[in-house]
Amino acid sequence: MTLAPYAAGFARRALANITRAYPNFPAHLMTSPDDRPAPGDLHPAFYGAYDWHSSVHMHWLLIRLLRRHGNTPAFADTAEAVDVFDRHLTPENLAVEAAYLLDRPSFERPYGWAWLVALAAECRAYGGATGDRWAAALAPGVAAVDRLMAEWLPKATYPVRHGNHPNSAFSLTLMLDAGLLSDATTRAVRQRLLDWFADDRDAPAHWEPSGQDFLSPTLTEADAMRRVLTAERFARWLDRFLPALRSGATCPLLDVPVVSDHRDPQIGHLLGLALSRAAALRSIASALPDGPVRTRLTEASEAHLAAGLPAVDGGDFTTEHWLATFAVLALEAHGQ
């Protein structure tokens, strides 16, 4: 499967989401009886798509699709998308967003932080006067994340391993891929991943999935480690971490998750799990030499993608406000 046939539809969904203020689930700590702002007051750039992190990564999704597929005949919303970005990604709006992050150091840590850095990197890659303008406006937010990461990582003695937003491995991976953090913070990220995970072995894969995962704790860790180890060291590490892959034993990570209710906001997370697993399985496979482990991971990735992709058009806002992002990650992993 490739992304191209889906790009225009995903872009329309992202555009609708980032301009939709309600329903809204603000993660805002209220400090007085008068502290009752509207979503657009708190977050003039990222008020839509139900919650802050979803708004940020749906902006990322839209600009990524513009950059890679916006010149195709089916992609009819380029002008409207650019207009929305020009309204949202202004220096004034993003100064408010950066100040909000600095005032609340645990807000969206680290998931929303990572998507903000990824968005800025995508704007820079879009290039031209337009992309450069958006990237410059986002620069204070990136600087805020860099500062917050530098303060947080030394205190993060242990990783968060569960399968949703605070997962440490997934977010640090996004930040490494974006490549916008300072050299010192990037070194600290790489070292922290090694400190947390280099000695891990015999992952409890039989514990997965949990009931509201949209990430696999095991696979996000493995996908992070392939970025900080050489190919040879990574293959040895993976053999220790998931010995069932080479032995041929049953491995629940390779089985597509059962989703009993697509409209339930938490059970519906498992739709995202199918897609994030599809991306991670394919990316991990690509880092391995040809052989039975690579084949096994690739086949499981294809099964997860086939199961998760139809849910993006499920017609329910509880999934539509975020799921397309993970569909793009999965489709791009298959196209790499």
Side-chain angles (χ1 to χ4, degrees), residues 1-3 6 159 161-164 167-170 172-174 176-177 193-194 196-211 213-259 269-312 323 325-336:
M1 298 182 192
T2 64
L3 174 57
Y6 301 94
R161 296 178 183 267
H162 58 67
N164 44 49
N167 180 282
S168 302
F170 180 80
L172 268 61
T173 293
L174 278 180
L176 283 181
D177 288 352
L193 289 171
L194 290 167
W196 283 336
F197 303 132
D199 294 330
D200 282 0
R201 60 184 63 239
D202 298 317
H206 59 287
W207 288 1
E208 295 191 35
S210 186
D213 285 353
F214 68 90
L215 300 169
S216 162
T218 301
L219 294 177
T220 55
E221 177 177 338
D223 202 26
M225 291 304 286
R226 76 175 175 86
R227 289 167 166 82
V228 295
L229 297 175
T230 64
E232 183 179 349
R233 287 185 64 198
F234 175 68
R236 293 199 302 269
W237 179 90
L238 190 65
D239 281 346
R240 297 193 305 271
F241 188 59
L242 285 171
L245 295 179
R246 190 164 297 280
S247 71
T250 299
C251 182
L253 299 174
L254 307 184
D255 298 331
V256 175
V258 174
V259 188
H269 273 176
L270 295 166
L271 299 167
L273 178 64
L275 293 169
S276 67
R277 277 187 180 182
L281 288 163
R282 188 61 175 245
S283 297
I284 294 164
S286 72
L288 299 174
D290 288 338
V293 175
R294 180 171 178 149
T295 298
R296 198 175 179 196
L297 293 174
T298 300
E299 291 174 350
S301 175
E302 291 169 352
H304 278 76
L305 180 60
L309 197 55
V312 179
L323 195 58
T325 297
F326 287 86
V328 166
L329 293 175
L331 287 164
E332 289 188 343
H334 277 248
Q336 67 186 357

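In what follows, residues are counted from 1 in the order of the sequence shown.
With Arg227 contributing its side chain and Asp223 its backbone, the two residues share a donor-acceptor pair below 3.5 Å. Between the side chain of Arg296 and the backbone N or O of Leu245, at least one donor-acceptor pair lies under 3.5 Å. A distance-only check finds a donor-acceptor pair linking the side chain of Ser286 to the backbone of Ser283 [under 3.5 Å]. Of the possible donor and acceptor atoms, none in the side chain of Arg282 sits under 3.5 Å from a partner among the backbone N and O of Gly335. No donor-acceptor pair closer than 3.5 Å links the side chain of Ser301 to the backbone N or O of Leu297.
Between the OG atom of Ser276 and the CG atom of Asp213 there is a distance of 8.5 Å, given to the nearest 0.5 Å. Rounded to the nearest 0.5 angstrom, Phe170 CZ and Asn164 CG are separated by 12.0 Å. Here CZ of Phe326 is found 5.5 Å from CG of Leu215. Values are rounded to the nearest 0.5 Å. To the nearest 0.5 angstrom, Arg201 atom CZ is 12.5 Å from Leu242 atom CG.
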Task: side-chain contact (heavy atoms from CB on, under 4.5 Å) between His162 and Ser210, worked out - done: CA-CA 8 Å; His162 58 67; Ser210 186; over 6 Å; no

TODO: Could you check Leu323 against Phe214 for side-chain contact (heavy atoms from CB on, under 4.5 Å), going step by step and ending with a plain yes or no?
DONE: CA-CA 10 Å; Leu323 195 58; Phe214 68 90; over 6 Å; no

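Within a 6.0 Å sphere centred on CZ of Arg246, other residues, nucleotides and ligands contribute 12 heavy atoms or fewer.
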